[in-house]
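Scope of the values below: all heavy atoms of this structure, side chains included, with no hydrogens, waters or symmetry mates. Positions are given from 1 along the sequence. Because the structure is a prediction, the values reported are computed rather than measured.
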Amino acid sequence: MPGGGENVLMRLVLAFLFGGFLCILGQLLVDLTKLTPARILTGMVVLGVILGGIGIYPLLVDTFGAGASVPLLGFGNLLAKGVRQAIAQDGPIGILTGGFKAGSAGLGAAVFFSLIAGIFGKSKN
């Protein structure tokens, strides 16, 4: 492919493979443990916070792109990055506000679309 298309194709393949690896990891946790999906979800977010906090996750995002930044681990990394930036700007209060500032667009969208789904969806007994 002219114009660096090989690089784009390689990044797409790497993103797909890493995202697939995370999906396999999650499915193995569902199949081989007695963990509930909610615990697996929160565990992956917390793992993303830890890996982001110690500086490993940004390296994964640089290497795997959207395959690393989009999943639950990426959300945890976003929270860690937001807290780190808020502490640098606002001091210790940033521990409480940084995650909300960094994740506000995603959290707001989740609340909004949950409301829309609740209005138009039907609950089952």
| query | In a check of side-chain contact (heavy atoms from CB on, under 4.5 Å) between Leu47 and each of Thr42, Leu73, Asn77, which one passes? | reply |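 Of the listed residues Thr42, Leu73, Asn77, the side-chain contact (heavy atoms from CB on, under 4.5 Å) partner of Leu47 is Leu73.
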
Could you see if [X] belongs to whatever hydrophobic cluster contains [Y]? Use Ile, Leu, Val, Met, Phe, Trp, Tyr and a side-chain cutoff under 4.5 Å.
| X | Y | result |
| --- | --- | --- |
| Val70 | Leu12 | no |
| Met10 | Phe21 | yes |
| Leu41 | Phe113 | no |
| Ile119 | Phe112 | yes |
| Leu107 | Leu79 | yes |

Residue pair [X] / [Y]: nearest heavy atoms and the distance that separates them:
| X | Y | answer |
| --- | --- | --- |
| Ala102 | Gly82 | CB-CA, 3.5 Å |
| Val49 | Gly76 | CG2-O, 3.2 Å |
| Ala80 | Gly53 | CB-N, 3.8 Å |
| Pro58 | Leu51 | CD-O, 4.4 Å |
| Met44 | Leu22 | CE-O, 3.9 Å |

4.5 Å side-chain heavy-atom contact, [X] and [Y]:
| X | Y | result |
| --- | --- | --- |
| Leu115 | Val111 | no |
| Leu14 | Phe18 | no |
| Arg39 | Thr33 | no |

Can you tell me how far [atom2] of [Y] sits from [atom1] of [X], rounded to the nearest 0.5 angstrom?
| X | Y | atom1 | atom2 | answer |
| --- | --- | --- | --- | --- |
| Gln85 | Thr97 | CD | OG1 | 11.5 Å |
| Arg84 | Ile95 | CZ | CD1 | 13.0 Å |
| Leu28 | Ile40 | CG | CD1 | 10.0 Å |

